[in-house]
Chemist: 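Before anything else, here's the structure in question.
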Amino acid sequence: MGRIPLLLLDSDIEENDLGERGVTDRLYGGGSEHRLLQEMLLGIGGVRAVRTYCELTGHVAPEVFHTNEGHAGFLGLERIAELRSQGLDFDAALEAVRAGTVFTTHTPVPAGIDRFDRELVARHFGPHAELPNMEVDRILRLGMESYPGGEPNLFNMAVMGLRLAQRANGVSVLHGQVSREMFAGLWPGFDSEEVPITSVTNGVHAPTWVAPEVYRLGARQIGAQRAEEALSVGDSDRWDSVADIADQDIWELRRSLRELLVLEVRERLRASWRQRGAGAAELGWIDGVLDPDVLTIGFARRVPSYKRLTLMLRDRDRLMSLLLHPERPVQIVVAGKAHPADDGGKRLIQELVRFADDPRVRHRIVFLPDYGMAMAQKLYPGCDIWLNNPLRPLEACGTSGMKAALNGCLNLSVLDGWWDEWFQPDFGWSIPTADGAGTDPERRDAIEAAALYDLLEQRITTSFYDRGRGGLPDRWIDMVRRTLSLLGPKVLAGRMVREYVERLYTPAAHAHRAMDAESARALAGWKARVRAAWHAVTVDHVETSVTATTAQLGTTLGLRVRVGLGGLKPEDVEVQAVSGRVDEEDRITDAAAVALKPVGVPDGDGRWVYEGPLTLDRTGPFGYTVRILPGHRLLASGAELGLVAVPSEELAGAAGLLMR
Ligand SMILES: *Cc1c(COP(=O)(O)O)cnc(C)c1O
């Protein structure tokens, strides 16, 4: 694709026996073992395909492997097996593989994560299976949910993915936070904020998703060269000049896009009715479906239940009066595609189709089956509003609203995924959510649907139909302009890729280069030694030059801490003072950590004294504590081993420390 070699794997070739040929016969719905075989082919076969490709073409061997979700996760096992055949033991090979692996988690919906029976995995990774020289126990341990609440008999592909990668991320700021909470059990001893899973917000490929009409208007404004650059690099300077496009031009563009959509929808609707068995003579009404001057709302999704396809049907009378309003009507284009195995999703689609078939409203609401990319490309630009109402926070990022925004369509969405971080009143509307603990699902849907109708009735339709002195909806046009110029550059895939390169791929490549066989053995040996010794690592005594309660803003405390390191040395650990504002529950928030320094020599019991200054640089309730983390130059994060030593409760009480 472009300059990037893309390899596709197909097991349906003559040399394979029948069972093998079927492995790639479907994407979903083949049962657990089928799925496992597909993932073995993808992960293990994928690495072999890449290696072969590099040998055949002289392409440089990859240094960093990035696995999206757990599906390709077995690639880490294949690479461990490669290193084992070069003489590394399992632990050293694991360190080497981790250094050059990035793992991205894509969903907080449990059904989106593959989990297999332990026994099934054991059978396929046993001594007579695909990776014969690997210890099956070690493999199983990588995928085990060995934390409170985990299922002991399941092998979790996301958990394995996280253990096989030294760097990990979610796909929006909110999803990063949700993932840190969801997987916190893998880093015991750390609050979720410190779980080493960052986030890179998804983006969309503008050359694919910006309609030619929108692109032409941009190119007319700033020149074709700059317009092309603007789409790829996400450099906001190049988007600024959208601000200079005249109101009239923006409004005409919006209308012509809407009109194109209306024609497209009629054509697809006619085709869909013909397929349902209707004769041409019965379909005259389709020429009157949708109106190029009516506020147009789009909603197109796969239909897993968390996306709530039918939320808009919650109060049918209210929806009907929105559709049929005499001065300020709305029209809605819905498209959907259900997972073949998802009967619930299919039922939701039927419910929507039944509503849209009603002769009273069928000119104002349309359902289009078989949502796909070609349809999506026509749909986003022609809508005025893009609606998204998932159950927060289950939409990890969501991208359709980004594609809509790139065409000057405003978003109307629950504050979930990308919209939670980039929503501004200039870019659209946020549907208030009732996702507080304890709200029952029915009530929650009712509250959120009511909020949706309120917004449409009171804010959105009025804004669209209110015309200023020039006969144009001034505020609306202004929002379109700001969506294009300010949101446009953020949602680009170019921005996303740059973030992956700078924050994950480059550090992973450096880590990979630093991890020759000798370093990998040393790191694995060090980790084993630290894990074995950690029980004896303790914070024994803390004293300060000024008591924290009398200290004032700007005061510097001298901290003096005595610690036990068991068999470890100062170079194996980092002793930290952690400080910050304190909340109502006596927890430190927005914590900052500074490293303390060892002074002198250990006493007869192997205890060390550490010292350092701690400056009170914030107002309000302030607290601090001391902790010990493993420290090594090849760790990506102090939380990497999930080990931490903190003061005992008595000590903390006596020294005025907070516990966390
Ligand atoms: C963008 C897109 C999606 C994903 O949209 P979400 O908002 O993330 O659900 C799904 N299907 C098609 C055809 C798309 O173009």
Side-chain angles (χ1 to χ4, degrees), residues 1 27-28 68-69 104-109 111-112 170-175 178 199-211 214 231 257 261 264-265 268 272 297-312 332-340 342 345 348-349 352 367-383 385-407 409-423 427-431 483 487-488 490-493 495-496:
M1 296 182 65
L27 185 52
Y28 297 117
N68 274 291
E69 203 46 87
T104 300
T105 169
H106 278 264
T107 177
V109 180
V171 292
S172 67
V173 169
L174 178 62
H175 179 238
V178 169
S199 67
V200 174
T201 304
N202 280 343
V204 296
H205 185 247
T208 302
W209 294 107
V210 173
V214 177
L231 293 193
L257 292 170
L261 175 65
E264 171 82 16
V265 165
R268 285 181 181 268
S272 144
I297 301 175
F299 183 102
R301 299 268 131 55
R302 298 174 295 110
V303 291
S305 57
Y306 79 87
K307 295 206 184 230
R308 294 193 294 190
L309 176 73
T310 54
L311 189 74
M312 66 177 85
I332 308 181
V333 181
V334 187
K337 192 177 176 76
H339 186 300
D342 177 13
L348 296 181
I349 288 183
L352 210 115
F367 179 83
L368 301 176
D370 297 325
Y371 177 45
M373 262 182 79
M375 186 195 295
Q377 280 175 319
K378 305 275 182 191
L379 206 49
Y380 305 135
C383 293
I385 297 275
W386 195 251
L387 173 64
N388 191 21
N389 48 230
L391 278 170
R392 186 179 193 269
L394 297 184
E395 182 87 290
C397 179
T399 52
S400 52
M402 297 177 167
K403 303 173 207 165
L406 278 180
N407 290 285
C409 171
L410 307 179
N411 275 272
L412 166 60
S413 170
V414 159
L415 284 181
D416 201 4
W418 73 278
W419 189 236
D420 185 63
E421 90 202 53
W422 287 332
F423 161 74
F427 304 156
W429 297 266
S430 78
I431 304 169
T483 293
L487 193 50
K490 291 191 214 261
V491 302
L492 299 184
R495 184 270 315 147
M496 169 188 73

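In each ligand, atom 1 is the first atom listed, and ligand 1 is the first ligand listed. Worth knowing before you read on, the calculation uses all heavy atoms, side chains too, and leaves out hydrogens, waters and symmetry mates. In this text the structure is predicted, and so the values were computed from the model without any measurement.
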Chemist: What residues, two or more places apart in sequence or in another chain, satisfy salt bridge (charged side-chain N to carboxylate O under 4.0 Å, His left out) together with Glu69?
Modeler: none

Chemist: Determine, for Arg392 against Asp420, whether the closest basic-nitrogen to carboxylate-oxygen distance falls under 4.0 angstrom.
Modeler: yes

Chemist: Pick one: which of Leu412, Asn407, Asn411 meets side-chain contact (heavy atoms from CB on, under 4.5 Å) with Trp386?
Modeler: Asn411

Chemist: Can you list the residues that meet the salt bridge (charged side-chain N to carboxylate O under 4.0 Å, His left out) rule with Arg301, with sequence neighbours excluded?
Modeler: none

Chemist: Indicate yes or no: at least one non-hydrogen side-chain atom of Val200 is less than 4.5 angstrom from one of Val171.
Modeler: no

Chemist: Pair up each side-chain donor or acceptor in residues 369-378 with any protein partner under 3.5 Å, not counting sequence neighbours, and list the distances.
Modeler:
unit_1 : atom_1 : unit_2 : atom_2 : d
Tyr371 : OH     : Tyr380 : OH     : 2.5
Gln377 : NE2    : Thr208 : O      : 3.0

Chemist: Kindly print each ligand 1 N/O atom paired with any protein N/O atom under 3.5 angstrom away, one pair per line, or none if nothing qualifies.
Modeler:
unit_1   : atom_1 : unit_2 : atom_2 : d
ligand 1 : 7 (O)  : Thr399 : N      : 3.4
ligand 1 : 7 (O)  : Ser400 : N      : 3.0
ligand 1 : 7 (O)  : Ser400 : OG     : 2.4
ligand 1 : 8 (O)  : Thr399 : N      : 2.9
ligand 1 : 8 (O)  : Thr399 : OG1    : 3.4
ligand 1 : 9 (O)  : Lys307 : NZ     : 2.5
ligand 1 : 15 (O) : Tyr380 : OH     : 3.2
ligand 1 : 15 (O) : Lys403 : NZ     : 2.6

